Protein chains: 2
Amino acid sequence: MIEIGEVTVPAATVARLPFYLRALRDLLSDGVTTTSSSGLAERSGVGSAQLRKDLSYLGSFGTRGVGYDVETLASSISAALGLGSEHRLAIVGVGNLGNALANYSGYAARGFRLVALIDADPDVVGRSAAGLEVEHSDRLEEILAARGVSMVILATPGAAAQAVAERIVACGVREILSFSPVALQLPDDVVVRSVDVAGELQILAFHAAARHAQSGDAVGVDGDPAVAGVQPSA
Amino acid sequence: MIEIGEVTVPAATVARLPFYLRALRDLLSDGVTTTSSSGLAERSGVGSAQLRKDLSYLGSFGTRGVGYDVETLASSISAALGLGSEHRLAIVGVGNLGNALANYSGYAARGFRLVALIDADPDVVGRSAAGLEVEHSDRLEEILAARGVSMVILATPGAAAQAVAERIVACGVREILSFSPVALQLPDDVVVRSVDVAGELQILAFHAAARHAQSGDAVGVDGDPAVAGVQPSA
DNA sequence: TAGATTGTTAATCGATTAACAATC
DNA sequence: TAGATTGTTAATCGATTAACAATC
């Protein structure tokens, strides 16, 4: 659970808010002004009861008998997600993946501003991407402070991740999105979200193995949120 | 839950197996031959009770009073994940991100073999990455069949994702790792894992907002697996 | 034997789902 | 009013945690 003011929002709910927001924005750009919990739920890949329950943690945004105003609900969720204020973002580790993430064009539209690219490799330092020059990690502390970075995407090799993460945290950063496949050991007040591509593939491999064991042996799949044709964020 | 043979494995457990496997491989390369549930749990970023419970779904691999043989346990988890057989992988959508994923060097070591790169953009078709040439999506069906693809990484723009996913599923592929931020509507027997970078950043933004509301307003964080300094896969 | 550590049980906790009263 | 749809309650379900007997 995550408490905001007097309100407590389950972690699982928070993880679904971006889905609702995206579905609402899609509706908006289709010119749809009103939607129901079942319509929005279908677009988001969840059940309508779950959608209504999730929204109920944030407040009461709909009209009984009518549904939700798409624009109002989008603003409310966006506000709940703290997307009103700009979040200044640095990418640390500008290899293949870091570079691809730097070139992602959706940051601004979502309230994020990429303000620094940092790497330890002299061959990478000095290159530019997304209008920024890659700077040397020797100057990490200085750069994070000067640019007011509050969030970091960590895309270094696994071996470097822990040490770099500690330096980042020492600069006061408390939100990290890590692509390094290691369990970072950091203070409890630091929020780390991890994306592990190889791990995701292994989970898929497990499902494939279960499927094969099933036909011929006796296997089935049951109640796994990751197993439905559609499902929210890992 | 996911049933394998007579055994049922909770989805949450499956999602942690890759962490244990990685930690075990790290131990192996450090020359460590034996570990305890608490030692391995710490490396994996989970509690020791959870680790033992997770392993108990797969079987009994340790020795009371002693611990686990690192190599044996790694093999057992690897087998459970179905990494014994090779999984043939295609990347559909070879933009920034798809290209970065193509250049990822860890597939082979993890039992995956990248056998095709497919894109719809004539400017991208014909380029090469990771020793493969990007082929046109007009020939998607033909390519997936000819190469025996069983798993696909989908990294197309959101607008194309649903249609392309349907074609992929029509080819018999049942495991998809999607980087497109849309809720794919696919048959229930298709397993979709989704990675949404912008969504992850939004979740971090929510935590940042909660933190700020906390100091000065009254907010706290409570029991969120994503909130601990270390935590498993999104 | 004494110490250590597993595997499992039972209790707790959190998340999901179904149903429905409130109400537009 | 009749129909529709929300917001919420209560029941179910699944996951985590703590504790401990089994046993090396």
Side-chain angles (χ1 to χ4, degrees), chain A residues 1-3 7-17 19-20 33-42 44-70 72-73 76-77 220-228 230-233, chain B residues 1-3 7-17 19-20 33-42 44-70 72-73 76-77 220-228 230-233:
Chain A
M1 306 285 205
I2 299 127
E3 296 167 31
V7 185
T8 291
V9 184
T13 294
V14 174
R16 283 186 293 265
L17 295 179
F19 287 81
Y20 303 150
T33 59
T34 298
T35 187
S36 65
S37 62
S38 47
L40 182 58
E42 193 180 5
S44 310
V46 304
S48 68
Q50 182 158 83
L51 170 65
R52 291 198 304 278
K53 188 95 177 87
D54 283 342
L55 294 181
S56 76
Y57 291 110
L58 305 179
S60 174
F61 307 107
T63 306
R64 284 159 138 104
V66 177
Y68 301 92
D69 179 74
V70 174
T72 304
L73 185 56
S76 303
I77 293 178
V221 175
D222 149 341
D224 176 1
V227 149
V230 173
Q231 98 288 7
S233 137
Chain B
M1 308 286 205
I2 299 126
E3 296 167 30
V7 185
T8 291
V9 184
T13 294
V14 174
R16 283 186 293 266
L17 295 179
F19 287 81
Y20 302 150
T33 59
T34 297
T35 188
S36 65
S37 62
S38 47
L40 182 57
E42 194 181 3
S44 310
V46 304
S48 66
Q50 182 159 83
L51 170 65
R52 291 199 304 279
K53 188 97 179 85
D54 282 343
L55 294 181
S56 76
Y57 292 110
L58 304 179
S60 174
F61 307 107
T63 306
R64 285 159 138 105
V66 177
Y68 302 91
D69 180 75
V70 174
T72 304
L73 186 55
S76 303
I77 293 178
V221 174
D222 148 340
D224 176 2
V227 149
V230 173
Q231 99 288 6
S233 138

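Given the structure is predicted, the values throughout are model-derived calculations rather than measurements. Letters go in sequence order (proteins before strands), and every chain restarts at 1.
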request  = Over all heavy atoms of both residues, which pair between B:T35 and B:G39 is shortest? Give the atoms and the distance, please.
outcome  = OG1-C, 4.1 Å

note = For DNA chain D, the expected dot-bracket line (Watson-Crick or G-U under 3.5 Å, [ ] crossing, | inter-strand) is ..||||||||||||||||||||||

By side-chain contact (heavy atoms from CB on, under 4.5 Å) - contacts of A:T33 (at least two apart) = none

Using whole Å, what does the distance between atom [atom2] of nucleotide [N] and atom [atom1] of [X] come to?
{"X": "B:L40", "N": "C:dT6", "atom1": "CG", "atom2": "C1'", "result": "13 Å"}
{"X": "A:D69", "N": "D:dT6", "atom1": "CG", "atom2": "P", "result": "13 Å"}
{"X": "B:L73", "N": "C:dG7", "atom1": "CG", "atom2": "P", "result": "9 Å"}

message = On the nucleotide C:dG7, are OP1 or OP2 found under 4.0 Å from the side-chain N or O atoms that B:S60 carries?
response = yes

Any A:S37 side-chain N or O less than 4.0 Å from OP1/OP2 of D:dT6 = yes

query = Under the side-chain hydrogen bond (donor to acceptor under 3.5 Å, both in side chains) test, which residues partner A:T72, sequence neighbours left out?
reply = A:D69

task = List for me each residue that meets side-chain hydrogen bond (donor to acceptor under 3.5 Å, both in side chains) alongside A:S36, sequence neighbours excluded, and say none if there are none.
result = A:S38

query = Atom CG of A:L73 and atom OG1 of A:T34: how far apart are they, to the nearest 0.5 Å?
reply = 11.0 Å

remark   = Per-nt protein contacts along nucleotides 16-24 of chain C (heavy atom under 4.0 Å; B base, S backbone sugar-phosphate only, - none) come out as SBBB--BBB

Show me the donor-acceptor pairs within less than 3.5 Å that the side chains of residues 54-63 of chain A make with the rest of the protein, sequence neighbours left out.
from, atom 1, to, atom 2, distance (Å)
A:D54, OD1, A:T13, OG1, 2.6
A:D54, OD1, A:R16, NH2, 3.1
A:D54, OD2, A:R16, NE, 2.7
A:D54, OD2, A:R16, NH2, 3.3
A:D54, OD2, A:Y20, OH, 2.6
A:S56, OG, A:K53, O, 2.5

